[in-house]
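Quick caveat, the model's predicted, so the values are computed rather than measured. A, B, ... follow the sequence lines: proteins, then strands. Residue 1 opens every chain.
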Amino acid sequence: MYLELQQRLTARLKTVLVDLYKLQPSDVDPAVFAVEQPPELAFGEYALPAALKLARALRKSPKMIAEEIAAALTPMEGFASFEVAGAGYINAKLDRAHLAKLLAAGAEREQPKRDRVLVEHTSINPNKAAHIGHLRNAILGDTFVLLLRAAGHSVAVQNYIDNTGVQVADVVVGFEHLEKKSKADVQALIAGSGGGSRKSFDYLCWDIYARVSQWYSEGTLEEQAAKKQLRLDTLHLLEHGGNATSELAELISTAVLRRHLETMARLGIEYDFLPRESEILHLKFWESAFEKLKATGVLYLETEGKNKNCWVMRRMGAEMNEGLDEDAKVIVRSNGTVTYVGKDIAYHMWKFGLLGRDFGYKIFHTYPTHTCWISCEHGEKEHPHFGGVEAIYNVIDSRQSDPQSNVIQALRGMGHTAEADRYTHFSYEMVALTPRYAEELGYTVSDEDKKKAYIEVSGRKGFGVKADDLMDLMIAAARGETLKRHTDWSEAEVDKTSEQIAYGALRYFMLRFTRNSVIAFDQKDALAIEGETGPYVQYALVRAKNIFRKAGVTPEEALAGLAENAELAKPTVLAESAEKAELAKPTVLAESAEKAELAKTLGGDEGADIWALLVRASKRSFVLEQSLVSSEPAYLAKHAFQMAQEFSNFYHKHHILNEENETRKKLLLATAAIALRELVKTLELLGIEAPEMM
RNA sequence: GCGCCCGUAGCUCAGCUGGAUAGAGCGAACGCCUCCGAAGCGUUAGGUCGUGAGUUCGAAUCUCGCCGGGCGCACCA
């Protein structure tokens, strides 16, 4: 609602400036039409710096201009006043009763249909159990998908599966050469391992992967070289396909992938399509891309220096040394094989529909509401259309920003500048462990590491926390708290609530930090259910629900009580584009005794906290927009927390059920209902559930 | 060596397209349950915004240098 009113204010400001100063909006610095937020709510809800920006051009004092504009803006539907403040800011104050009624009516603008976009996230190597760092990736990606969808985008979620890489090869080496397991043995292991327990196949692979990594570095130099060669040979067998080793790899990677989907499903994270590297290789994606890269001159054959006989791509800002660019990125090796970046260029051309080839598709998994497809060479005739989207977001950790920018540069070099501009590397920093927590987990921490703020986890060393273990630990802790408070609950109730709290706590913790901040994970912080956490937000909402349970009134009834006879609050008022001029025309509202009383309550000092809560509640779509343009879900997480905090304050201060003044009680109940609705919807955007009780 | 990111309260972090007294959580001290659940609420203490210069009427925010920390820079993926 806040966003809609702001857009109307902008539209009206434009017409006023055209009328007053004959300005052509297209010729003017957009900053003139900026709408900011005053530092304090007491100053108003919006601040217009227009007069400050126009002073020089109009050769008048900012204050005079501000007075003129303020006078011309008045009156305006939804706004109570426009006041000149400071050097020439115009502070706009909302009509408080009006906003309260709008919020109670819950009028939301219909989202216009926006672009088709593709979000790639999770993309865990299918060779071992998911760990804590993967959780950050998947939670960030999944939440961003929720935000995009809420804003009207049609989103396909992809989880890229590198099933032919060295990491899978390492585990295959482990099974074949360390464990001496046959394909049938591995099949039996997979069949015998239950999901979610320590006996799971992905856990087994976790240990084998760590052992193989250790094994590579043992023995004489000759032995080590032989092991390296074994690793390389295995990798080539996987890439080539059609042999016993690649079949074993397929078996292993698919089983681990299924476990990853189970792990993520616990948090409500689902996928639409799983493109695999094996198909990118076998369906000759690279060959198509190579032709186009050569034709556009992005790649050239190096004839001199260390990269002789390689096809290379010039890096951004690379310097030539005597006509030779030795810093160029090798895309095709001198032996004719393609590097990782090369394959990635082909894959991303496919994403934008620029490749001229497609995957085969078959169904891999069925979720309650949709199916998840996986790539294959010869798939179903009927399948959804993936790829060919307008914008993409790749949730990939910040260490990969170089290869990511190489891909973008290749697209740009081929002339696909529009695509390059809409390619977002949604980068994020790693999740590490605090030294203290690493010790708690039983790892030996060196004295040097103890001084650090955090220690990086390493799948190679088997050092870290597995995602499923972490969730189990958090559920157990939440369960302890729940049991303390509700001795009379059934087992099912305790289970459900504990899971809602634990998963909410985890998702919130991964989202509350901005993307480029390293998260130093500590069990104590993660399990904390006080402070800026998911459970705090959930608790606020549960308190709101309790009010209605006791009052014998539903939130819907409370909202209707305030919204009634509010013609102006009808959704249609806001359904059309706010840019349209007719919306900016001043209209006068019908006055009523009830509205006057509302205005009095909300306007006084006593009502300041109620007003602050209502304004906060009105900002969901505004914060959603901010989160989207900056690709930063943390803003919405912060919004949820602030809502919860202001509601807790309100809850403490006003004893709604004892309120004797009927109009006041109606307002308080409606405010609680608005806060409840907004808390639930904001948490929904973050993928966090709202418990009934806790 | 080159590139990217970071340095804000004891700790963990917001704020960074320049603008109205620098914010939050944790931790610390104190206070609040005959009243919708105290997993809560309130009050207080705590900051030369790494450092030096520059641009500007105005800099935590922009530019440059320096110091400290992290990560990239393979014919690995």
Side-chain angles (χ1 to χ4, degrees), chain A residues 30-31 34 36 38-40 43 47 49 52 85-87 89 91 125 162 164-169 231-232 235 277 302 306-312 315-319 327 329-341 343-344 397-403 405 427 429-430 432 434 452-454 456 478 481-482 484-485 501 512-520 522 524-525 528-533 535-536 538-540 542-551 630 632 634-635 637-638 641-642 644-645 648-659 668-669 672 693-694:
Chain A
E36 298 170 1
E40 266 184 62
F43 296 160
L52 292 165
Y89 271 107
N91 288 334
N125 275 303
D162 183 6
T164 56
V166 275
Q167 293 217 19
V168 170
R231 182 191 204 193
L232 209 59
L235 176 63
E277 186 172 76
E302 184 57 84
K306 64 167 187 167
N307 293 335
K308 191 174 175 182
N309 293 330
C310 294
W311 287 87
V312 300
R315 286 181 208 264
M316 291 269 273
E319 280 179 30
D327 271 348
K329 177 73 194 167
V330 172
I331 302 297
V332 181
R333 303 180 186 106
S334 55
N335 67 5
T337 58
V338 59
T339 62
Y340 158 77
V341 172
K343 284 179 267 189
D344 225 22
D397 84 75
S398 61
R399 286 174 294 197
Q400 300 226 39
S401 69
D402 261 18
S405 58
S427 79
E429 271 293 345
M430 61 181 174
T434 61
K452 294 182 182 169
Y454 55 80
E456 193 177 347
E481 289 295 323
T482 305
K484 259 194 264 174
R485 288 171 175 77
I501 292 170
R512 59 176 280 210
F513 303 96
T514 49
R515 290 182 288 114
N516 60 6
S517 160
V518 176
I519 297 180
D522 192 288
K524 183 174 149 285
D525 297 333
I529 46 184
E530 57 184 10
E532 190 183 336
T533 67
Y536 174 85
Q538 289 173 320
Y539 180 64
V542 163
R543 292 171 115 187
K545 285 188 177 179
N546 284 339
I547 294 172
F548 293 101
R549 204 169 281 127
K550 286 263 169 150
S630 56
E632 200 60 271
Y635 296 156
K638 182 68 85 182
F641 173 67
Q642 287 170 329
Q645 207 174 31
S648 293
N649 186 332
F650 163 87
Y651 176 92
H652 177 79
K653 193 168 167 187
H654 305 281
H655 296 274
I656 300 174
L657 300 183
N658 301 336
E659 179 58 51
L668 292 176
L669 267 175
M693 291 201 278
M694 59 189 279

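Under the salt bridge (charged side-chain N to carboxylate O under 4.0 Å, His left out) criterion, A:Glu36 pairs with no residue at all, not counting sequence neighbours. Residues satisfying the salt bridge (charged side-chain N to carboxylate O under 4.0 Å, His left out) criterion with A:Arg515, sequence neighbours excluded, are A:Glu632.
The base of B:C75 lies close enough to the side chain of A:Ser334 for a donor and an acceptor atom to sit less than 3.5 Å apart.
When every heavy atom of A:Met693 is checked against every heavy atom of A:Val542, the shortest pair comes out as CA-CG1, 3.8 Å.
Taking a pair to require two hydrogen-bonding distances under 3.5 Å in either a Watson-Crick or a G-U wobble arrangement, B:U43 pairs with B:A29.
Residue A:Ala47 is classed as a base contact, given a heavy-atom separation below 4.0 Å to a base. In this structure, A:Asn546 reaches the bases: a heavy-atom distance under 4.0 Å links it to at least one base atom across the strands shown. When heavy atoms are screened at a 4.0 angstrom cut-off, A:Pro39 is found touching base atoms of the nucleic acid.
For B:G15, the OP1/OP2 oxygens have a side-chain nitrogen or oxygen of A:Tyr635 closer than 4.0 Å.
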Using the rule given for side chain to side chain donor-acceptor pair (under 3.5 Å), can you reason through A:Asn546 versus A:Arg549, listing the C-alpha separation, both sets of side-chain angles and the distance that settles it, and then say yes or no? CA-CA 5 Å; A:Asn546 284 339; A:Arg549 204 169 281 127; 2.5 Å; yes
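Because its glycosidic torsion is more than 90° from 0, B:C66 is reported here as anti.
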Please list, pair by pair, any protein nitrogen or oxygen found under 3.5 Å from a nitrogen or oxygen in nucleotides 71-74 of chain B.
residue	atom	partner	partner atom	Å
B:G72	O2'	A:Asp402	OD2	3.2

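Sequence order on RNA chain B of the closest nucleotides to A:Leu52 and A:Ala478 puts A:Leu52 first from the 5' end.
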